[in-house]
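Structure first, commentary second.
Only a predicted model underlies this, so the values are computations on that prediction, with no experimental measurement involved. Atoms considered below: every heavy atom in the structure, side chains included; atoms not considered: hydrogens, waters and symmetry mates.
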There are 2 protein chains.
Amino acid sequence: MSEQGTVTPARRRGLADEVADRVREAIFSGVYAPGAQLREVELSGALDVSRGPVREALLRLEREGLVRSAWHRGATVTTLTSTDIAELDSLRGTLEHLAVRQVIAHASDEDIAAIDKAADRMERAVDGHEMVRCDIAFHDAVYAAARHRRLQEAWQAIRSQVHLFLLTRIGADSADYLDHIPDEHRSLVVALRARDAATALDLFATHRRHAFDVLTGSDDSDSVEEPGPQDTPSS
Amino acid sequence: MSEQGTVTPARRRGLADEVADRVREAIFSGVYAPGAQLREVELSGALDVSRGPVREALLRLEREGLVRSAWHRGATVTTLTSTDIAELDSLRGTLEHLAVRQVIAHASDEDIAAIDKAADRMERAVDGHEMVRCDIAFHDAVYAAARHRRLQEAWQAIRSQVHLFLLTRIGADSADYLDHIPDEHRSLVVALRARDAATALDLFATHRRHAFDVLTGSDDSDSVEEPGPQDTPSS
DNA sequence: GATTGTAGTGATGTTAACATTACGACATGG
DNA sequence: CCATGTCGTAATGTTAACATCACTACAATC
(Lines give C-alpha, C1' and ligand atoms only; values in the text may rest on other atoms or scores of the structure.)
Protein backbone atom coordinates (compact mmCIF):
# COMPACT_ATOMS: atom_id res chain seq x y z
CA MET A 1 0.00 0.00 0.00
CA SER A 2 2.30 2.79 1.24
CA GLU A 3 5.35 2.51 -0.96
CA GLN A 4 8.06 5.02 -0.46
CA GLY A 5 10.03 6.65 -3.23
CA THR A 6 7.91 5.25 -6.02
CA VAL A 7 4.87 7.18 -7.10
CA THR A 8 1.64 5.45 -8.02
CA PRO A 9 0.77 5.65 -11.73
CA ALA A 10 -2.21 7.87 -10.86
CA ARG A 11 -4.66 6.16 -13.15
CA ARG A 12 -8.13 7.54 -13.56
CA ARG A 13 -10.93 5.07 -13.18
CA GLY A 14 -14.22 5.04 -15.00
CA LEU A 15 -17.71 4.94 -13.63
CA ALA A 16 -17.92 1.21 -14.24
CA ASP A 17 -15.17 0.54 -11.70
CA GLU A 18 -16.90 2.71 -9.15
CA VAL A 19 -20.20 0.97 -9.69
CA ALA A 20 -18.56 -2.45 -9.45
CA ASP A 21 -17.00 -1.51 -6.12
CA ARG A 22 -20.28 -0.25 -4.72
CA VAL A 23 -22.24 -3.28 -5.78
CA ARG A 24 -19.55 -5.64 -4.52
CA GLU A 25 -19.54 -3.93 -1.15
CA ALA A 26 -23.33 -4.01 -1.08
CA ILE A 27 -23.29 -7.75 -1.62
CA PHE A 28 -20.75 -8.30 1.13
CA SER A 29 -22.79 -6.09 3.43
CA GLY A 30 -25.81 -8.25 2.91
CA VAL A 31 -27.88 -5.71 0.98
CA TYR A 32 -28.16 -8.23 -1.83
CA ALA A 33 -28.35 -11.77 -0.52
CA PRO A 34 -27.13 -14.73 -2.57
CA GLY A 35 -29.69 -15.55 -5.23
CA ALA A 36 -31.04 -12.01 -5.35
CA GLN A 37 -31.63 -10.36 -8.71
CA LEU A 38 -29.49 -7.39 -9.70
CA ARG A 39 -31.67 -5.31 -12.02
CA GLU A 40 -29.86 -2.84 -14.21
CA VAL A 41 -32.48 -0.12 -13.99
CA GLU A 42 -32.68 -0.44 -10.23
CA LEU A 43 -28.91 -0.12 -9.82
CA SER A 44 -28.60 2.67 -12.34
CA GLY A 45 -31.33 4.54 -10.51
CA ALA A 46 -29.83 4.00 -7.06
CA LEU A 47 -26.32 5.02 -8.13
CA ASP A 48 -27.52 7.76 -10.44
CA VAL A 49 -25.72 6.55 -13.51
CA SER A 50 -26.88 5.22 -16.83
CA ARG A 51 -27.28 1.53 -17.58
CA GLY A 52 -24.08 1.38 -19.60
CA PRO A 53 -21.60 1.51 -16.73
CA VAL A 54 -23.89 -0.71 -14.66
CA ARG A 55 -23.84 -3.30 -17.40
CA GLU A 56 -20.08 -3.12 -17.57
CA ALA A 57 -19.82 -3.41 -13.80
CA LEU A 58 -22.02 -6.49 -13.76
CA LEU A 59 -19.82 -8.04 -16.43
CA ARG A 60 -16.82 -7.38 -14.22
CA LEU A 61 -18.52 -8.91 -11.18
CA GLU A 62 -19.35 -11.90 -13.31
CA ARG A 63 -15.66 -12.22 -14.09
CA GLU A 64 -15.06 -12.34 -10.34
CA GLY A 65 -17.65 -15.07 -9.97
CA LEU A 66 -19.73 -12.92 -7.64
CA VAL A 67 -22.57 -12.80 -10.13
CA ARG A 68 -24.08 -15.13 -12.69
CA SER A 69 -25.98 -13.91 -15.70
CA ALA A 70 -27.89 -15.49 -18.56
CA TRP A 71 -29.16 -14.16 -21.84
CA HIS A 72 -32.10 -11.85 -21.33
CA ARG A 73 -32.48 -13.06 -17.81
CA GLY A 74 -30.27 -10.60 -15.97
CA ALA A 75 -27.75 -11.09 -13.21
CA THR A 76 -28.17 -12.78 -9.85
CA VAL A 77 -25.85 -12.95 -6.88
CA THR A 78 -23.96 -16.24 -6.85
CA THR A 79 -25.16 -18.89 -4.43
CA LEU A 80 -22.44 -21.26 -3.28
CA THR A 81 -23.39 -24.92 -3.15
CA SER A 82 -21.27 -27.51 -1.42
CA THR A 83 -19.68 -28.54 -4.69
CA ASP A 84 -18.90 -24.90 -5.38
CA ILE A 85 -17.10 -24.67 -2.08
CA ALA A 86 -15.19 -27.84 -2.86
CA GLU A 87 -14.19 -26.36 -6.21
CA LEU A 88 -13.05 -23.15 -4.59
CA ASP A 89 -11.03 -25.09 -2.05
CA SER A 90 -9.21 -27.25 -4.57
CA LEU A 91 -8.53 -24.46 -7.05
CA ARG A 92 -7.43 -22.11 -4.33
CA GLY A 93 -5.16 -24.82 -2.99
CA THR A 94 -3.45 -25.21 -6.34
CA LEU A 95 -3.06 -21.49 -6.87
CA GLU A 96 -1.73 -20.90 -3.39
CA HIS A 97 0.71 -23.74 -3.83
CA LEU A 98 2.25 -21.94 -6.79
CA ALA A 99 2.02 -18.60 -5.01
CA VAL A 100 3.93 -19.76 -1.96
CA ARG A 101 6.66 -21.27 -4.10
CA GLN A 102 6.92 -18.05 -6.05
CA VAL A 103 7.09 -15.97 -2.89
CA ILE A 104 9.84 -18.08 -1.43
CA ALA A 105 11.77 -17.99 -4.68
CA HIS A 106 11.40 -14.40 -5.83
CA ALA A 107 9.77 -12.17 -3.22
CA SER A 108 11.68 -9.20 -1.88
CA ASP A 109 11.97 -8.43 1.82
CA GLU A 110 9.63 -5.48 1.35
CA ASP A 111 7.01 -7.80 -0.08
CA ILE A 112 7.19 -10.04 2.96
CA ALA A 113 7.09 -7.00 5.21
CA ALA A 114 3.82 -6.04 3.50
CA ILE A 115 2.44 -9.50 4.23
CA ASP A 116 3.53 -9.05 7.83
CA LYS A 117 1.69 -5.76 8.05
CA ALA A 118 -1.44 -7.40 6.72
CA ALA A 119 -1.16 -10.01 9.46
CA ASP A 120 -0.78 -7.23 12.02
CA ARG A 121 -4.02 -5.61 11.03
CA MET A 122 -5.92 -8.79 11.81
CA GLU A 123 -5.34 -8.42 15.53
CA ARG A 124 -7.08 -5.07 15.57
CA ALA A 125 -10.16 -6.49 13.94
CA VAL A 126 -13.17 -6.40 16.24
CA ASP A 127 -15.93 -7.35 13.87
CA GLY A 128 -16.36 -10.57 11.93
CA HIS A 129 -16.76 -8.76 8.65
CA GLU A 130 -13.61 -6.79 9.28
CA MET A 131 -11.69 -9.94 10.08
CA VAL A 132 -12.76 -11.47 6.79
CA ARG A 133 -11.59 -8.38 4.98
CA CYS A 134 -8.23 -8.65 6.71
CA ASP A 135 -8.01 -12.34 5.88
CA ILE A 136 -8.58 -11.63 2.21
CA ALA A 137 -6.15 -8.70 2.33
CA PHE A 138 -3.51 -11.03 3.77
CA HIS A 139 -3.86 -13.42 0.86
CA ASP A 140 -3.88 -10.47 -1.52
CA ALA A 141 -0.49 -9.52 -0.12
CA VAL A 142 0.80 -13.04 -0.62
CA TYR A 143 -0.29 -13.10 -4.24
CA ALA A 144 1.14 -9.63 -4.76
CA ALA A 145 4.47 -10.82 -3.37
CA ALA A 146 4.44 -13.72 -5.82
CA ARG A 147 5.03 -11.19 -8.62
CA HIS A 148 3.07 -13.21 -11.13
CA ARG A 149 0.43 -11.19 -12.99
CA ARG A 150 -1.60 -14.09 -14.31
CA LEU A 151 -1.54 -15.92 -11.03
CA GLN A 152 -2.83 -12.79 -9.36
CA GLU A 153 -5.59 -12.53 -11.93
CA ALA A 154 -6.54 -16.15 -11.35
CA TRP A 155 -6.79 -15.36 -7.64
CA GLN A 156 -8.93 -12.32 -8.34
CA ALA A 157 -11.28 -14.56 -10.31
CA ILE A 158 -12.16 -16.47 -7.13
CA ARG A 159 -11.27 -13.88 -4.52
CA SER A 160 -14.78 -12.51 -4.09
CA GLN A 161 -16.22 -15.99 -3.92
CA VAL A 162 -13.80 -16.91 -1.17
CA HIS A 163 -14.86 -13.71 0.56
CA LEU A 164 -18.45 -14.83 0.32
CA PHE A 165 -17.47 -18.25 1.62
CA LEU A 166 -15.66 -16.81 4.64
CA LEU A 167 -18.68 -14.61 5.33
CA THR A 168 -20.89 -17.66 5.75
CA ARG A 169 -18.22 -19.11 7.99
CA ILE A 170 -18.41 -16.35 10.57
CA GLY A 171 -22.07 -17.17 10.89
CA ALA A 172 -21.09 -20.69 11.92
CA ASP A 173 -18.55 -19.87 14.63
CA SER A 174 -17.38 -16.30 14.84
CA ALA A 175 -15.80 -16.69 18.27
CA ASP A 176 -13.31 -19.37 17.34
CA TYR A 177 -12.57 -17.58 14.13
CA LEU A 178 -11.69 -14.28 15.73
CA ASP A 179 -9.42 -15.91 18.30
CA HIS A 180 -7.31 -18.44 16.49
CA ILE A 181 -6.99 -17.01 12.99
CA PRO A 182 -4.53 -14.17 13.71
CA ASP A 183 -1.98 -16.54 15.26
CA GLU A 184 -2.36 -18.88 12.35
CA HIS A 185 -1.39 -16.14 9.94
CA ARG A 186 1.51 -15.13 12.15
CA SER A 187 3.09 -18.54 11.71
CA LEU A 188 2.50 -18.34 7.97
CA VAL A 189 4.54 -15.16 7.84
CA VAL A 190 7.32 -16.74 9.88
CA ALA A 191 7.60 -19.66 7.49
CA LEU A 192 7.55 -17.33 4.51
CA ARG A 193 10.23 -15.09 5.95
CA ALA A 194 12.42 -18.10 6.71
CA ARG A 195 11.93 -19.20 3.09
CA ASP A 196 10.96 -22.60 4.41
CA ALA A 197 8.96 -24.04 1.53
CA ALA A 198 7.91 -27.32 3.10
CA THR A 199 6.65 -25.76 6.32
CA ALA A 200 4.93 -22.88 4.55
CA LEU A 201 3.12 -25.17 2.14
CA ASP A 202 2.05 -27.35 5.04
CA LEU A 203 0.78 -24.43 7.09
CA PHE A 204 -1.15 -22.92 4.21
CA ALA A 205 -2.78 -26.27 3.58
CA THR A 206 -3.93 -26.67 7.18
CA HIS A 207 -5.05 -23.04 7.18
CA ARG A 208 -7.39 -23.72 4.29
CA ARG A 209 -8.52 -26.94 5.88
CA HIS A 210 -9.58 -25.12 9.03
CA ALA A 211 -11.89 -22.84 7.11
CA PHE A 212 -13.15 -25.70 5.00
CA ASP A 213 -13.92 -28.00 7.92
CA VAL A 214 -16.05 -25.50 9.78
CA LEU A 215 -18.61 -25.45 7.02
CA THR A 216 -18.54 -29.09 6.08
CA GLY A 217 -19.10 -30.14 9.66
CA SER A 218 -16.13 -32.40 10.40
CA ASP A 219 -14.82 -30.71 13.50
CA ASP A 220 -11.59 -32.56 14.22
CA SER A 221 -9.31 -29.63 13.59
CA ASP A 222 -6.29 -31.65 14.64
CA SER A 223 -5.27 -34.94 13.05
CA VAL A 224 -4.39 -33.22 9.82
CA GLU A 225 -1.49 -34.61 7.90
CA GLU A 226 -0.79 -33.54 4.34
CA PRO A 227 -3.57 -34.80 2.12
CA GLY A 228 -4.21 -31.32 0.83
CA PRO A 229 -7.49 -30.15 -0.60
CA GLN A 230 -6.64 -31.68 -3.93
CA ASP A 231 -9.90 -33.36 -4.60
CA THR A 232 -13.41 -32.44 -5.53
CA PRO A 233 -16.48 -34.61 -5.34
CA SER A 234 -17.80 -34.46 -8.86
CA SER A 235 -21.31 -33.32 -9.57
CA MET B 1 -19.64 -32.38 -28.59
CA SER B 2 -22.09 -35.04 -29.73
CA GLU B 3 -23.73 -36.21 -26.56
CA GLN B 4 -26.40 -38.82 -26.82
CA GLY B 5 -29.60 -38.78 -24.86
CA THR B 6 -29.06 -35.39 -23.28
CA VAL B 7 -30.24 -32.30 -25.08
CA THR B 8 -28.28 -29.11 -25.05
CA PRO B 9 -29.94 -26.25 -23.13
CA ALA B 10 -30.46 -24.36 -26.41
CA ARG B 11 -29.07 -21.06 -25.28
CA ARG B 12 -29.34 -18.00 -27.43
CA ARG B 13 -26.23 -15.88 -27.74
CA GLY B 14 -26.04 -12.14 -28.02
CA LEU B 15 -24.24 -10.00 -30.54
CA ALA B 16 -21.37 -9.47 -28.14
CA ASP B 17 -20.50 -13.16 -28.21
CA GLU B 18 -20.58 -13.18 -31.97
CA VAL B 19 -18.35 -10.14 -32.16
CA ALA B 20 -15.92 -11.62 -29.65
CA ASP B 21 -15.64 -14.79 -31.74
CA ARG B 22 -15.01 -12.86 -34.94
CA VAL B 23 -12.38 -10.61 -33.43
CA ARG B 24 -10.67 -13.55 -31.73
CA GLU B 25 -10.53 -15.45 -34.99
CA ALA B 26 -9.23 -12.34 -36.74
CA ILE B 27 -6.40 -12.06 -34.25
CA PHE B 28 -5.46 -15.72 -34.64
CA SER B 29 -5.59 -15.32 -38.42
CA GLY B 30 -3.09 -12.51 -38.26
CA VAL B 31 -5.46 -9.75 -39.31
CA TYR B 32 -4.59 -7.92 -36.12
CA ALA B 33 -0.98 -8.48 -35.11
CA PRO B 34 0.14 -8.32 -31.47
CA GLY B 35 0.36 -4.71 -30.39
CA ALA B 36 -2.20 -3.55 -32.92
CA GLN B 37 -4.94 -1.18 -31.82
CA LEU B 38 -8.52 -2.39 -31.81
CA ARG B 39 -10.65 0.67 -32.40
CA GLU B 40 -14.29 0.39 -31.44
CA VAL B 41 -15.61 2.43 -34.35
CA GLU B 42 -13.55 0.48 -36.83
CA LEU B 43 -14.79 -2.86 -35.54
CA SER B 44 -18.38 -1.72 -35.23
CA GLY B 45 -18.24 -0.51 -38.82
CA ALA B 46 -16.63 -3.67 -40.15
CA LEU B 47 -19.05 -6.00 -38.35
CA ASP B 48 -22.05 -3.74 -38.87
CA VAL B 49 -23.04 -3.49 -35.25
CA SER B 50 -23.12 -0.65 -32.80
CA ARG B 51 -20.29 0.12 -30.41
CA GLY B 52 -22.11 -1.39 -27.44
CA PRO B 53 -21.64 -5.05 -28.32
CA VAL B 54 -18.13 -4.30 -29.56
CA ARG B 55 -17.28 -2.78 -26.22
CA GLU B 56 -18.68 -5.80 -24.45
CA ALA B 57 -16.76 -8.14 -26.74
CA LEU B 58 -13.51 -6.32 -26.06
CA LEU B 59 -14.16 -6.66 -22.34
CA ARG B 60 -14.64 -10.35 -22.88
CA LEU B 61 -11.40 -10.65 -24.84
CA GLU B 62 -9.65 -8.76 -22.09
CA ARG B 63 -10.87 -11.40 -19.67
CA GLU B 64 -9.21 -13.99 -21.89
CA GLY B 65 -5.99 -12.03 -21.81
CA LEU B 66 -6.02 -11.61 -25.57
CA VAL B 67 -6.40 -7.87 -25.26
CA ARG B 68 -5.20 -5.21 -22.91
CA SER B 69 -7.02 -1.93 -22.42
CA ALA B 70 -6.47 1.24 -20.45
CA TRP B 71 -8.74 4.09 -19.59
CA HIS B 72 -9.52 6.29 -22.56
CA ARG B 73 -6.72 4.62 -24.43
CA GLY B 74 -8.54 1.79 -26.09
CA ALA B 75 -7.64 -1.86 -26.53
CA THR B 76 -4.54 -3.39 -28.08
CA VAL B 77 -3.74 -6.99 -28.94
CA THR B 78 -1.59 -8.56 -26.23
CA THR B 79 2.10 -8.91 -26.96
CA LEU B 80 3.74 -11.80 -25.13
CA THR B 81 7.13 -11.08 -23.62
CA SER B 82 9.43 -13.81 -22.36
CA THR B 83 8.26 -13.28 -18.80
CA ASP B 84 4.68 -13.55 -20.02
CA ILE B 85 5.47 -16.90 -21.58
CA ALA B 86 7.13 -18.04 -18.37
CA GLU B 87 4.03 -16.99 -16.44
CA LEU B 88 1.77 -18.85 -18.82
CA ASP B 89 3.92 -21.95 -18.53
CA SER B 90 3.97 -22.04 -14.75
CA LEU B 91 0.29 -21.22 -14.29
CA ARG B 92 -0.72 -23.67 -16.98
CA GLY B 93 1.42 -26.28 -15.31
CA THR B 94 -0.34 -25.83 -12.01
CA LEU B 95 -3.80 -25.85 -13.54
CA GLU B 96 -3.09 -28.91 -15.65
CA HIS B 97 -1.70 -30.68 -12.62
CA LEU B 98 -5.05 -30.31 -10.88
CA ALA B 99 -6.93 -31.11 -14.07
CA VAL B 100 -5.15 -34.39 -14.62
CA ARG B 101 -5.75 -35.46 -11.04
CA GLN B 102 -9.41 -34.57 -11.39
CA VAL B 103 -9.71 -36.49 -14.63
CA ILE B 104 -8.12 -39.60 -13.17
CA ALA B 105 -10.32 -39.37 -10.10
CA HIS B 106 -13.71 -38.43 -11.49
CA ALA B 107 -13.84 -38.55 -15.28
CA SER B 108 -16.28 -40.89 -16.99
CA ASP B 109 -15.29 -43.19 -19.82
CA GLU B 110 -17.21 -41.01 -22.24
CA ASP B 111 -15.12 -38.02 -21.18
CA ILE B 112 -11.91 -39.87 -21.91
CA ALA B 113 -13.37 -41.05 -25.21
CA ALA B 114 -13.91 -37.40 -26.10
CA ILE B 115 -10.28 -36.66 -25.31
CA ASP B 116 -9.33 -39.57 -27.51
CA LYS B 117 -11.36 -38.17 -30.38
CA ALA B 118 -9.64 -34.83 -30.00
CA ALA B 119 -6.30 -36.59 -30.27
CA ASP B 120 -7.53 -38.36 -33.41
CA ARG B 121 -8.31 -35.12 -35.14
CA MET B 122 -4.71 -33.97 -34.77
CA GLU B 123 -3.47 -36.55 -37.25
CA ARG B 124 -5.69 -35.15 -39.96
CA ALA B 125 -4.31 -31.66 -39.49
CA VAL B 126 -2.37 -30.48 -42.51
CA ASP B 127 -1.82 -26.86 -41.66
CA GLY B 128 0.09 -25.42 -38.72
CA HIS B 129 -2.81 -23.23 -37.68
CA GLU B 130 -5.14 -26.19 -37.75
CA MET B 131 -2.77 -28.23 -35.63
CA VAL B 132 -2.68 -25.50 -33.03
CA ARG B 133 -6.47 -25.45 -32.97
CA CYS B 134 -6.49 -29.20 -32.44
CA ASP B 135 -3.89 -28.92 -29.72
CA ILE B 136 -6.01 -26.38 -27.87
CA ALA B 137 -9.12 -28.47 -28.45
CA PHE B 138 -7.37 -31.44 -26.90
CA HIS B 139 -6.63 -29.54 -23.74
CA ASP B 140 -10.17 -28.19 -23.76
CA ALA B 141 -11.37 -31.76 -23.68
CA VAL B 142 -9.09 -32.56 -20.76
CA TYR B 143 -10.40 -29.64 -18.76
CA ALA B 144 -13.95 -30.53 -19.68
CA ALA B 145 -13.36 -34.06 -18.42
CA ALA B 146 -12.09 -32.66 -15.13
CA ARG B 147 -15.66 -31.58 -14.34
CA HIS B 148 -14.56 -28.55 -12.41
CA ARG B 149 -16.25 -25.33 -13.49
CA ARG B 150 -13.85 -22.90 -11.92
CA LEU B 151 -10.82 -24.79 -13.10
CA GLN B 152 -12.23 -24.66 -16.60
CA GLU B 153 -12.77 -20.93 -16.27
CA ALA B 154 -9.21 -20.46 -15.08
CA TRP B 155 -8.06 -22.33 -18.18
CA GLN B 156 -10.23 -20.17 -20.41
CA ALA B 157 -8.56 -17.13 -18.89
CA ILE B 158 -5.23 -18.18 -20.40
CA ARG B 159 -6.44 -20.38 -23.24
CA SER B 160 -6.27 -17.72 -25.93
CA GLN B 161 -2.86 -16.61 -24.76
CA VAL B 162 -1.57 -20.16 -25.02
CA HIS B 163 -3.08 -20.26 -28.49
CA LEU B 164 -1.12 -17.14 -29.37
CA PHE B 165 1.97 -18.69 -27.88
CA LEU B 166 1.62 -21.87 -29.91
CA LEU B 167 1.09 -19.77 -33.02
CA THR B 168 4.49 -18.17 -32.62
CA ARG B 169 5.91 -21.63 -32.10
CA ILE B 170 4.89 -22.92 -35.52
CA GLY B 171 6.87 -20.05 -36.94
CA ALA B 172 9.95 -21.45 -35.22
CA ASP B 173 9.72 -25.06 -36.35
CA SER B 174 6.51 -26.18 -37.98
CA ALA B 175 7.96 -29.39 -39.36
CA ASP B 176 8.95 -30.93 -36.06
CA TYR B 177 5.73 -29.74 -34.51
CA LEU B 178 3.47 -31.38 -37.06
CA ASP B 179 5.32 -34.69 -36.86
CA HIS B 180 5.90 -35.43 -33.21
CA ILE B 181 2.99 -33.75 -31.48
CA PRO B 182 0.19 -36.17 -32.41
CA ASP B 183 2.09 -39.16 -30.97
CA GLU B 184 2.78 -37.20 -27.84
CA HIS B 185 -0.92 -36.67 -27.28
CA ARG B 186 -1.64 -40.32 -28.01
CA SER B 187 0.48 -41.37 -25.06
CA LEU B 188 -1.25 -38.77 -22.89
CA VAL B 189 -4.58 -40.41 -23.63
CA VAL B 190 -3.19 -43.85 -22.84
CA ALA B 191 -1.97 -42.74 -19.44
CA LEU B 192 -5.28 -41.02 -18.73
CA ARG B 193 -7.29 -44.05 -19.72
CA ALA B 194 -5.14 -46.29 -17.54
CA ARG B 195 -5.75 -43.83 -14.68
CA ASP B 196 -2.03 -43.78 -14.12
CA ALA B 197 -1.55 -40.51 -12.27
CA ALA B 198 2.23 -40.51 -12.00
CA THR B 199 2.82 -41.29 -15.67
CA ALA B 200 0.15 -38.86 -16.86
CA LEU B 201 1.50 -36.00 -14.77
CA ASP B 202 4.97 -36.75 -16.04
CA LEU B 203 3.92 -36.85 -19.68
CA PHE B 204 1.94 -33.65 -19.45
CA ALA B 205 4.94 -31.93 -17.88
CA THR B 206 7.29 -33.00 -20.68
CA HIS B 207 4.64 -32.07 -23.22
CA ARG B 208 4.59 -28.52 -21.93
CA ARG B 209 8.36 -28.47 -21.76
CA HIS B 210 8.65 -29.35 -25.42
CA ALA B 211 6.61 -26.36 -26.45
CA PHE B 212 8.39 -24.13 -23.99
CA ASP B 213 11.89 -25.12 -25.06
CA VAL B 214 11.36 -24.41 -28.73
CA LEU B 215 10.82 -20.74 -28.04
CA THR B 216 13.39 -20.27 -25.32
CA GLY B 217 16.09 -21.78 -27.48
CA SER B 218 17.36 -24.69 -25.38
CA ASP B 219 17.00 -27.46 -27.90
CA ASP B 220 17.85 -30.57 -25.90
CA SER B 221 14.44 -32.14 -26.15
CA ASP B 222 15.69 -35.24 -24.40
CA SER B 223 17.37 -35.23 -21.00
CA VAL B 224 14.17 -34.14 -19.35
CA GLU B 225 13.54 -35.47 -15.90
CA GLU B 226 10.83 -34.02 -13.68
CA PRO B 227 11.75 -30.49 -12.74
CA GLY B 228 8.40 -29.26 -13.91
CA PRO B 229 7.68 -25.75 -15.07
CA GLN B 230 7.11 -24.61 -11.53
CA ASP B 231 9.22 -21.51 -11.61
CA THR B 232 9.15 -18.08 -13.13
CA PRO B 233 12.03 -15.66 -13.47
CA SER B 234 10.67 -12.61 -11.72
CA SER B 235 10.42 -9.32 -13.54
C1' DG C 1 16.71 26.89 -28.22
C1' DA C 2 14.25 24.37 -24.76
C1' DT C 3 10.19 24.46 -22.10
C1' DT C 4 5.64 25.35 -21.28
C1' DG C 5 0.97 26.56 -22.67
C1' DT C 6 -2.75 25.76 -25.95
C1' DA C 7 -5.94 24.41 -29.33
C1' DG C 8 -7.18 20.49 -32.60
C1' DT C 9 -8.37 15.84 -33.37
C1' DG C 10 -9.72 11.33 -32.82
C1' DA C 11 -10.54 8.22 -29.89
C1' DT C 12 -13.21 6.30 -25.65
C1' DG C 13 -16.83 7.07 -21.81
C1' DT C 14 -21.63 8.03 -21.02
C1' DT C 15 -26.37 8.70 -21.83
C1' DA C 16 -31.22 7.99 -23.18
C1' DA C 17 -34.41 6.15 -26.45
C1' DC C 18 -35.72 2.09 -29.13
C1' DA C 19 -36.04 -3.11 -30.17
C1' DT C 20 -36.23 -7.65 -28.63
C1' DT C 21 -36.89 -11.24 -25.50
C1' DA C 22 -38.51 -14.23 -21.60
C1' DC C 23 -41.77 -15.03 -18.14
C1' DG C 24 -46.35 -15.17 -16.03
C1' DA C 25 -51.42 -14.55 -16.23
C1' DC C 26 -55.33 -15.39 -18.49
C1' DA C 27 -58.42 -17.28 -21.67
C1' DT C 28 -59.64 -20.98 -24.65
C1' DG C 29 -60.20 -25.71 -26.31
C1' DG C 30 -59.93 -30.60 -25.57
C1' DC D 1 -59.67 -30.51 -15.10
C1' DC D 2 -55.52 -30.28 -17.75
C1' DA D 3 -53.15 -28.71 -21.80
C1' DT D 4 -52.31 -25.29 -25.16
C1' DG D 5 -52.27 -20.73 -27.16
C1' DT D 6 -52.23 -15.76 -26.61
C1' DC D 7 -51.26 -11.47 -24.65
C1' DG D 8 -49.16 -8.16 -21.45
C1' DT D 9 -45.36 -6.66 -18.88
C1' DA D 10 -40.95 -5.92 -17.28
C1' DA D 11 -36.78 -6.83 -17.84
C1' DT D 12 -32.44 -7.02 -20.95
C1' DG D 13 -30.17 -6.22 -25.73
C1' DT D 14 -29.06 -2.71 -29.06
C1' DT D 15 -28.52 1.66 -31.13
C1' DA D 16 -27.01 6.43 -32.07
C1' DA D 17 -26.02 10.91 -30.29
C1' DC D 18 -23.56 13.53 -26.79
C1' DA D 19 -19.69 14.41 -23.30
C1' DT D 20 -15.20 13.72 -21.91
C1' DC D 21 -10.53 12.60 -22.23
C1' DA D 22 -5.65 11.84 -23.99
C1' DC D 23 -2.40 12.54 -27.46
C1' DT D 24 -0.10 15.52 -30.99
C1' DA D 25 1.46 19.49 -33.14
C1' DC D 26 2.25 24.08 -32.96
C1' DA D 27 3.03 28.55 -31.03
C1' DA D 28 4.42 31.71 -27.42
C1' DT D 29 7.48 32.84 -23.78
C1' DC D 30 11.61 32.84 -21.07
Check each of A:Arg24, A:Arg133, A:Glu64 against A:His163 using the side-chain contact (heavy atoms from CB on, under 4.5 Å) test, and report the only one that passes.
-> A:Arg133

Qualifying residue for side-chain contact (heavy atoms from CB on, under 4.5 Å) with A:Leu61, from A:Val19, A:Asp21, A:Val23, A:Thr78 | A:Val23

Would B:Phe28 and B:His129 count as a close aromatic pair, with their ring centres under 6.0 Å?
->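 Not under 6.0 Å, so no.
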
Are A:His207 and A:His185 an aromatic pair by the rule of ring centers under 6.0 Å?
-> yes

Numerically ordered, the residues 45-66 of chain B set in heavy-atom contact under 4.0 Å with DNA chain C is B:Arg51, B:Arg55

Determine, for [X] against [Y], whether the closest basic-nitrogen to carboxylate-oxygen distance falls under 4.0 angstrom.
X: B:Arg124; Y: B:Glu130; value: no
X: A:Arg209; Y: A:Asp89; value: no
X: A:Asp17; Y: A:Arg60; value: yes
X: B:Glu96; Y: B:Arg208; value: yes

Checking B:Asp120 side chain against B:Lys117 main chain: does a donor-acceptor pair fall under 3.5 Å?
->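 Judged by distance alone, no pair lies under 3.5 Å.
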
Whether B:Glu87 side chain and A:Arg149 backbone form a donor-acceptor pair below 3.5 Å =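 Yes; at least one donor-acceptor contact below 3.5 Å.
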
With 3.5 Å as the limit, what N/O pairs link the protein to nucleotides 7-11 of chain C?
none

OP1, OP2 of C:dT12 versus side-chain N and O of B:Trp71: anything below 4.0 Å?
->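 No, no such contact exists.
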
Boundaries of the chain B footprint along DNA chain D (any atom under 4.0 Å from a heavy atom) | D:dT14 to D:dC23

